[in-house]
There are 2 protein chains.
Amino acid sequence: MNINAPLKKGRKYDQVVAGAREVFLKEGFEGASVDQIARDAGVSKATLYSYFPDKQALFMAVLTSQCMQQSDEAMGIEILQQPVPEALYSIARSFLGYLMSDFSVQVFRVCVAESARFPDLGRAFYESGPQQALDQIASYFASEKVQQDLTIDDPYLAADQFLQLCRADMLLRKILNVETDVSDEAIERIARETVKMFLARYRR
Amino acid sequence: MNINAPLKKGRKYDQVVAGAREVFLKEGFEGASVDQIARDAGVSKATLYSYFPDKQALFMAVLTSQCMQQSDEAMGIEILQQPVPEALYSIARSFLGYLMSDFSVQVFRVCVAESARFPDLGRAFYESGPQQALDQIASYFASEKVQQDLTIDDPYLAADQFLQLCRADMLLRKILNVETDVSDEAIERIARETVKMFLARYRR
DNA sequence: GATGAACTGAACTGGTCGGTTTATTCATGA
DNA sequence: TCATGAATAAACCGACCAGTTCAGTTCATC
């Protein structure tokens, strides 16, 4: 594991990254202190600095590895074999479930906050998260199975619209810490209404 | 002007806030130093601290005043008197125009970033921005004029969907610093497609 | 031109931070 | 048993930062 670790071996690499992830996601880049990270990781500062040249490198390593991980939750093949309306509903549900998770919200907050100071970060996050989702759904929309039921000229536009409808106002409220708990019924309702609107627009 | 200034009078109040706005929006809360703010505002640090008890108070003052300001760009009455499809298009255009502005994006970034550390901030931003837009459009959807042409059972849900469709992927790309310039044609296209989908769903 | 409040600039305090160094401990394996 | 290299704790450095203080300057008003 960690075949492409940055230049150094050592058994505590994962510990360092885990501690850094925890602190960075909670405190942001400027808010997190290296001492706190080392303490949280159960590692000495010297050890930490033997793995990473500076705080920025550690930050980027954590976030990009985190971004890589997020796109793993792909659409299962079993979803795609359902009839189109049911498949759309399942996709909306699973997408929303991920988006509303505390973890996803924290990563999003930090990436948005620091994307001005770390230009690479915003891009890395976008390409490994939102972009992936867009691509997957667009290619699903372009598939024969879907095109039998729907008329979609521009699959990317349609995918964008579909995902945008999923991200309802409640996601923004959660991101802004206005409303932290969201009921399952609310999520189901958004998914239902998303599919309803989408079918109204694209059904053959 | 500034009838409800915080406890102190003084001629340089606006200067201080203006400088603080500039620096906070560019650097975030932790990233901005008080010395830099004072320098940018053309004011001594002592003067700054005679207006505001500490850095946090200054930060909140800047952001909340900024939030108040953002909802001033209401829908003009002339828009609402257009036929419904044209009105929807105009609303989408003006909403998108504001959302895509550098200023709006900067405020959003900072509010998202600090909403975990400043719980009041996220709420203040939400209520004075997104919430206002939602309310305005929902009440428009509930109006007789609209209900003649469209069947909208839940105006808030519909308003949420409409605004969500406007916030297309390109907004996320701008927020994440992936793509800073967006063409007018792209904006127009999103507005057009938003109205198209919305009418397909709700047209009587 | 005198008065007083607002403002200035610069120095200062106490503290934190990122990063380095050093002396020491611990584990492994030959 | 000893050597090697990884890990540690703690002290340390220079820089920066929030906030205070104060002697002196500006400015509006009378």
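In the text below, chain A, chain B and the rest are named by the order of the sequence lines, each starting its count at 1. For clarity, every value in this text was computed on a predicted model and none was experimentally measured.
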Protein proximity profile, nucleotides 9-27 of chain C - base contact B, sugar-phosphate-only contact S, no contact -, cut-off 4.0 Å on heavy atoms | B-------SBBBB------
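Summarising the geometry, the separation between CG on A:D14 and P on D:dA6 is reported as 17 Å, rounded to the nearest angstrom. If you measure from atom CZ of B:R39 to atom C1' of C:dT8, you get 15 Å, rounded to the nearest angstrom. As a whole-Å value, the separation of B:K12 NZ from D:dC27 C1' is 10 Å.
Among A:T180, A:D181, A:D102, the one residue that satisfies the side-chain hydrogen bond (donor to acceptor under 3.5 Å, both in side chains) test with A:K174 is A:D102.
Side-chain atoms of B:F198 and B:I152, non-hydrogen and from C-beta on, do get closer than 4.5 Å to each other. Contact check for A:F141 versus A:Y202: no side-chain heavy atoms found under the 4.5 Å cut-off.
Here A:Y51 does not reach the OP1 or OP2 of D:dA6: none of its side-chain N or O atoms lies under 4.0 Å away.
In this structure, A:F103 has its ring center no closer than 6.0 Å to that of A:F108.
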List the steps, then state whether side chain to side chain donor-acceptor pair (under 3.5 Å) holds for A:T47 with A:S44.
-> CA-CA 5 Å; A:T47 302; A:S44 76; 2.9 Å; yes
Going through the checks in order, is the side chain to side chain donor-acceptor pair (under 3.5 Å) test met by B:Y156 and B:D135?
-> CA-CA 7 Å; B:Y156 270 90; B:D135 287 346; 2.7 Å; yes
